[in-house]
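Proteins get letters first, then strands, A, B, ... in listed order; numbering begins at 1 in each. Quantities reported herein were computed from a predicted structural model and do not represent experimental measurements.
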2 protein chains.
Amino acid sequence: MGASLGEGERRKTAGSALARQQILRPGEASGRVIVLRQGWALRSAITSDGRRQVLSILLPGDIAGGEFLMRDKVRVPVQSLTPVEYCSFDVTYLKEIAGENPAFIWTFVDLCLSSKEASEARLIDLGRRNAEQRLARLILDLHRRLREKGLSNGATIPFPLRQQTVADALGLTQVHVSRVIRSLRQSRILQIRSGQLTILDMDALMATAEFYET
Amino acid sequence: MGASLGEGERRKTAGSALARQQILRPGEASGRVIVLRQGWALRSAITSDGRRQVLSILLPGDIAGGEFLMRDKVRVPVQSLTPVEYCSFDVTYLKEIAGENPAFIWTFVDLCLSSKEASEARLIDLGRRNAEQRLARLILDLHRRLREKGLSNGATIPFPLRQQTVADALGLTQVHVSRVIRSLRQSRILQIRSGQLTILDMDALMATAEFYET
DNA sequence: CGGTTGGTTGATATTATTCAATGGTCGTGG
DNA sequence: CCACGACCATTGAATAATATCAACCAACCG
């Protein structure tokens with residue numbers, strides 16, 4: 001390890017936060033890339049009239065603050081949704097590694113492409129799908145990601161999202177999200193109870209997500 | 001330069017296409033990154049029920065097919081909107097350059113971050129802004145980009161987009177786009193004539209884009 | 001000409017929002 | 001244990017935003 005690294009330059013540090021804390025503040029120039037280890041977090045933007053749009057939901061293993069690789073400040077705030085644990089890496093350290101091992105940089109290109117694909121998928125949802133389809137696709141997306149990370153085995157996933165958060169992710173109001181959830185609940189497609197979401201009828205959910213004939 | 005490169009491996013080639021041609025087909029594995037030189041193009045997705053969502057509008061200098069850097073196939077089709085000229089680079093050649101000059105890779109990270117920021121900005125529009133705001137922001141975005149590229153000096157920009165295309169970009173219907181344009185025209189904010197769009201009242205357009213109190 | 005493409009308009013329907021009231025749950029302090 | 005406040009969800013009624021359907025118009029092009 002380096003003999004003398006300043007306080008803000010430690011190569012790798014661990015951190016944690018309670019629920020609803022700002023992990024990255026807009027304008028912040030910490031130059032540290034964060035990897036979430038435990039818990040859920042949100043990247044979200046606020047419009048000038050005070051409405052919120054959730055840009056991405058971060059699960060354990062996901063990265064925040066990757067902008068620091070090419071930007072000196074972060075634009076989009078990141079906040080914890082549940083209590084979180086994370087570690088953070090100094091961006092100059094990461095670039096050092098990349099300098100020694102150029103293939104490492106391609107990892108960033110890959111990560112960046114993946115998150116771009118994800119936000120474009122969400123763009124299609126908001127532009128061209130109705131509320132029921134958007135919700136179904138959000139749930140299927142979370143289900144898939146949690147399974148890939150080994151954080152869910154069957155049809156039940158942790159679901160710490162409030163209806164307002166879902167609304168902010170899907171471009172809807174909380175009231176309407178409540179109604180859409182009710183509709184899916186009454187159709188015996190899913191169930192939400194005590195922070196857990198259970199998919200009762202996966203086929204129907206996928207049908208809803210894919211294409212819902214009015 | 002290399003003595004024997006196969007037909008599909010030429011390091012750099014030039015190309016052109018008429019309007020409304022597919023430049024990149026989904027599933028295509030050409031492994032060639034395209035730089036648009038002249039004309040406008042679209043990256044757009046089609047939903048299973050046949051609706052279209054424009055993901056980005058490409059202007060001269062913009063890049064298509066950057067996915068080939070990390071993916072073997074392209075997912076999103078790219079089509080010309082006007083007649084276009086472009087050149088394309090073999091991705092293995094680009095990686096070769098990057099191997100010799102690692103700093104070059106960071107350019108890709110930067111490009112990728114920029115396009116991600118752009119699609120997230122659009123996401124906020126579709127999720128949290130009304131039709132009038134979305135249109136105003138689209139126009140201001142095009143105006144800014146064209147100015148930066150030296151393709152427009154004053155308040156007039158080329159505007160080869162059909163109303164249906166605008167609708168597909170903004171998540172609206174063509175009919176509604178027609179009405180919103182009428183509203184902006186009647187307010188003497190802008191004017192569209194023979195493929196040119198003129199911003200008559202920039203302040204009002206910016207006010208509309210930023211925040212429109214109902 | 002006649003066909004095609006793109007834009008406009010009106011009438012109506014659907015979807016989602018807004019506003020407002022109500023009830024549940026949970027933690028905290030008396 | 002209860003009362004209270006904070007937060008979240010549910011519901012109804014009224015309204016606003018946008019879509020749908022269908023007709024028509026204008027420009028352009030062969």
Side-chain angles (χ1 to χ4, degrees), chain A residues 18-21 42 47 49-53 79-83 125-136 138 159-187 190-197 208 212-214, chain B residues 18-20 40 42 47 49-54 79 81-83 125-136 138 159-186 190-197 208 211-214:
Chain A
L18 298 175
R20 296 157 197 254
Q21 304 297 307
L42 295 178
T47 64
D49 56 343
R51 305 169 87 185
R52 182 172 73 153
Q53 177 64 44
Q79 61 202 113
S80 61
L81 199 63
T82 67
D125 287 354
L126 297 205
R128 288 299 183 214
R129 292 192 234 262
N130 66 25
E132 206 162 18
Q133 291 174 311
R134 292 183 211 177
L135 180 62
L138 174 67
F159 197 77
L161 304 174
R162 306 287 126 222
Q163 290 184 351
Q164 182 61 60
T165 311
V166 174
D168 291 340
L170 301 183
L172 301 168
T173 58
Q174 177 268 321
V175 173
H176 197 57
V177 168
S178 172
R179 295 193 224 269
V180 174
I181 289 177
R182 172 179 59 178
S183 153
L184 292 182
R185 183 181 349 103
Q186 286 176 346
S187 313
L190 57 80
Q191 188 182 49
I192 300 178
R193 220 163 44 194
S194 60
Q196 302 273 315
L197 184 152
T208 302
Y212 186 73
E213 187 63 316
T214 70
Chain B
L18 298 175
R20 295 155 197 255
W40 293 35
L42 295 179
T47 64
D49 58 341
R51 306 169 86 184
R52 183 172 71 155
Q53 176 64 44
V54 170
Q79 62 202 111
L81 200 62
T82 67
D125 287 354
L126 296 205
R128 288 300 183 215
R129 292 193 235 263
N130 67 25
E132 207 161 18
Q133 291 175 311
R134 294 183 211 177
L135 180 62
L138 174 66
F159 197 76
L161 303 174
R162 306 287 126 221
Q163 288 185 350
Q164 182 61 59
T165 310
V166 173
D168 291 339
L170 301 182
L172 301 167
T173 59
Q174 176 268 321
V175 173
H176 197 59
V177 168
S178 172
R179 295 192 225 268
V180 174
I181 289 177
R182 173 179 59 179
S183 153
L184 292 182
R185 184 183 345 107
Q186 286 176 346
L190 57 79
Q191 188 182 52
I192 300 178
R193 221 163 43 196
S194 58
Q196 302 272 315
L197 184 151
T208 302
F211 176 44
Y212 187 74
E213 185 63 313
T214 70

Need the bend value for the helix from dC1(C)-dG30(D) to dG30(C)-dC1(D): angle between end axes, 5 pairs each end, nearest 10°.
30°
Separation of Arg193(A) atom CZ from dT25(C) atom P, in whole Å?
13 Å
Could you check how far CD1 of Ile192(A) sits from P of dT25(C), rounded to whole Å?
16 Å
Quick one: does any side-chain atom of Gln196(A) pair with a main-chain N or O of Arg193(A) as donor and acceptor, under 3.5 Å?
no
For the pair Ser80(A) (side chain) and Arg20(A) (backbone), establish whether a donor and an acceptor sit closer than 3.5 Å, ignoring hydrogens and angles.
yes
Thr173(B) OG1 to Arg51(B) CZ distance, which is reported to the nearest 0.5 Å
9.0 Å
Once rounded to the nearest 0.5 Å, what's the spacing between atom CZ of Arg129(B) and atom CG of Leu170(B)?
12.0 Å
Mind calculating the distance between CG (Leu184(A)) and P (dT10(D)) to the nearest angstrom?
12 Å
Phosphate contact (dT8(C) OP1 or OP2) by Arg182(B) side-chain N/O below 4.0 Å
no
Minimum heavy-atom separation for Leu126(A) to Arg134(A), with atom names?
O-NH2, 3.4 Å
Counting only N and O atoms by type, is there a donor-acceptor contact under 3.5 Å from the side chain of Gln53(A) to the main-chain atoms of Ala169(A)?
yes
Could you give the CZ-to-P distance, from Arg20(A) to dG27(C), as a whole number of Å?
13 Å
Using the 3.5 Å cut-off, write out each protein N or O paired with an N or O of nucleotides 16-23 of chain C and the distance between them.
unit_1: dA16(C); atom_1: OP1; unit_2: Ala131(A); atom_2: N; d: 3.0
unit_1: dA16(C); atom_1: OP2; unit_2: His176(A); atom_2: NE2; d: 3.2
unit_1: dA16(C); atom_1: O5'; unit_2: His176(A); atom_2: NE2; d: 3.4
unit_1: dT17(C); atom_1: OP1; unit_2: Thr173(A); atom_2: N; d: 3.3
unit_1: dT17(C); atom_1: OP2; unit_2: Thr173(A); atom_2: N; d: 3.1
unit_1: dT17(C); atom_1: OP2; unit_2: Thr173(A); atom_2: OG1; d: 2.9
unit_1: dT18(C); atom_1: O4; unit_2: Arg179(A); atom_2: NH2; d: 3.1

Residue-phosphate contact under 4.0 Å: Gln163(A) side-chain N/O, dT10(D) OP1/OP2
yes
Return the value, rounded to whole Å, for the distance between atom CZ of Arg185(A) and atom C1' of dT11(D).
12 Å
Nearest 0.5 Å please: distance from the CZ atom of Arg179(B) over to the CD atom of Gln163(B).
11.0 Å
I want to check one thing: is the phosphate of dG7(C), taken as OP1 and OP2, less than 4.0 Å away from some side-chain N or O of Gln164(B)?
no
Inspect the contact between Asp168(A) and Arg128(B) and indicate whether a charged nitrogen and a carboxylate oxygen are less than 4.0 angstrom apart.
yes
Could you state the interatomic distance from CG (Leu190(A)) to CD1 (Ile181(A)), rounded to the nearest 0.5 Å?
7.5 Å
Taking atom CD of Gln174(A) and atom CZ of Arg162(A), what is their separation to the nearest 0.5 Å?
11.0 Å
Whole angstrom is fine here: how far is it from CG in Leu161(A) over to C1' in dA9(D)?
15 Å
Out of dC8(D), dT11(D), dG7(C), whichever nucleotide has its closest atom nearest the side chain of Arg162(A):
dC8(D)
Between CD of Gln133(A) and P of dT15(C) the distance, given in whole Å, is 11 Å
Does the side chain of Asp125(A) come within less than 4.5 Å of Gln133(A)'s, by heavy atoms?
no
Kindly give the atom pairs (protein nitrogen or oxygen, nucleotide nitrogen or oxygen) under 3.5 Å for nucleotides 23-27 of chain D.
none

dist Ile192(A):CD1 -> Arg185(A):CZ (nearest 0.5 Å) comes out at 8.0 Å
Spacing of Ile181(B) atom CD1 relative to dT8(C) atom C1', expressed in whole Å
11 Å
